[in-house]
Amino acid sequence: ILVLLIIFMIAAPVVLQGLETDLPKAVVSDLEIESDQVVVSLTLDKLLYINNDPVNREDFAQELRRNMEGKESQFVYIRADRTLSWGDVVFVIEMIKDAGVPNLGIITEYGEAEE
């Protein structure tokens with residue numbers, strides 16, 4: 001699982017350029033995210049988005065399941081602002097897993113990690 005997580009910790013801002021998130025940086029090779037992939041974003045002000053659509057926390061699981069219907073790949077990418085607490089990110093990961101999504105990747109920006 002760790003290897004999969006590392007593989008998918010790729011910078012993929014091409015998919016969702018419009019959302020304002022300050023992504024963490026990682027030095028890994030670039031992979032392309034297909035345009036039909038589902039991306040969950042958590043902004044600095046803790047707003048949730050599925051692709052570019054805002055979603056409230058109460059309806060998140062239902063909306064995520066609806067977005068996953070008919071998808072060949074049962075994979076969700078998460079992008080979260082790097083200044084959020086780890087607990088906020090883990091909470092969203094748990095909500096994604098509770099919605100029945102078996103595979104999860106983390107989107108980062110390409111660059112040297114800051115300490």
Side-chain angles (χ1 to χ4, degrees):
I1 293 174
L2 180 60
V3 171
L4 278 175
L5 183 61
I6 291 171
I7 289 172
F8 290 103
M9 289 179 56
I10 305 302
V14 175
V15 175
L16 294 171
Q17 290 289 331
L19 293 178
E20 193 68 34
T21 51
D22 184 14
L23 296 173
K25 297 187 183 325
V27 181
V28 290
S29 62
D30 259 347
L31 285 181
E32 297 267 337
I33 295 178
E34 297 173 17
S35 61
D36 68 336
Q37 291 289 347
V38 176
V39 178
V40 172
S41 299
L42 181 61
T43 63
L44 181 59
D45 50 358
K46 299 181 184 177
L47 296 176
L48 279 172
Y49 292 81
I50 296 177
N51 294 329
N52 283 326
D53 302 321
V55 179
N56 64 38
R57 291 178 189 262
E58 294 79 30
D59 299 331
F60 179 80
Q62 180 181 359
E63 285 296 316
L64 185 57
R65 282 190 214 103
R66 187 182 63 74
N67 276 276
M68 296 300 292
E69 285 178 1
K71 299 279 186 200
E72 187 175 312
S73 171
Q74 292 294 301
F75 201 97
V76 169
Y77 292 94
I78 184 171
R79 15 174 333 165
D81 194 282
R82 69 183 175 137
T83 58
L84 289 169
S85 74
W86 181 239
D88 292 329
V89 178
V90 169
F91 181 74
V92 173
I93 291 171
E94 287 177 352
M95 290 194 319
I96 293 169
K97 292 295 184 177
D98 287 344
V101 177
N103 302 304
L104 177 72
I106 298 175
I107 297 174
T108 61
E109 286 183 345
Y110 181 78
E112 290 292 320
E114 299 170 4
E115 293 189 28

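Heads up: numbering here begins at 1 and tracks the sequence.
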Short N-O contact, Arg66 and Glu63, less than 4.0 angstrom: yes

To the nearest 0.5 Å, how far apart are CD1 in Ile106 and CD1 in Ile93?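 So the CD1 of Ile106 and the CD1 of Ile93 are separated by 5.0 Å.
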
How far does CZ of Phe91 sit from CZ of Arg57, to the nearest 0.5 angstrom? 5.5 Å

Just to verify, which of Asp59, Ile96, Leu48 counts as forming a side chain to side chain contact (heavy atoms under 4.5 Å, CB included) with Leu64?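 Passing option: Ile96.
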
Which residue, Val40, Leu104, Leu84, forms the side chain to side chain contact (heavy atoms under 4.5 Å, CB included) with Val92?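 Of Val40, Leu104, Leu84, side chain to side chain contact (heavy atoms under 4.5 Å, CB included) with Val92 is met by Val40 alone.
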
[X] and [Y]: which non-hydrogen atoms are nearest, and at how many Å?
X	Y	result
Gln74	Asn103	O-ND2, 3.2 Å
Val38	Asn67	CG2-O, 3.9 Å
Phe75	Met68	N-CE, 3.7 Å

Minimum side-chain heavy-atom gap Ile50-Phe60 below 4.5 Å: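 Result yes, sub-4.5 Å side-chain heavy-atom pair found.
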
When you measure from the side chain of Asn51 to the backbone of Asp53, do you find a donor-acceptor pair of N or O atoms at a distance under 3.5 Å?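 Between the backbone of Asp53 and the side chain of Asn51 there is no qualifying donor-acceptor contact (under 3.5 Å).
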
Around atom NZ of Lys97, are there more than 12 heavy atoms of other residues, nucleotides or ligands at under 6.0 Å? yes

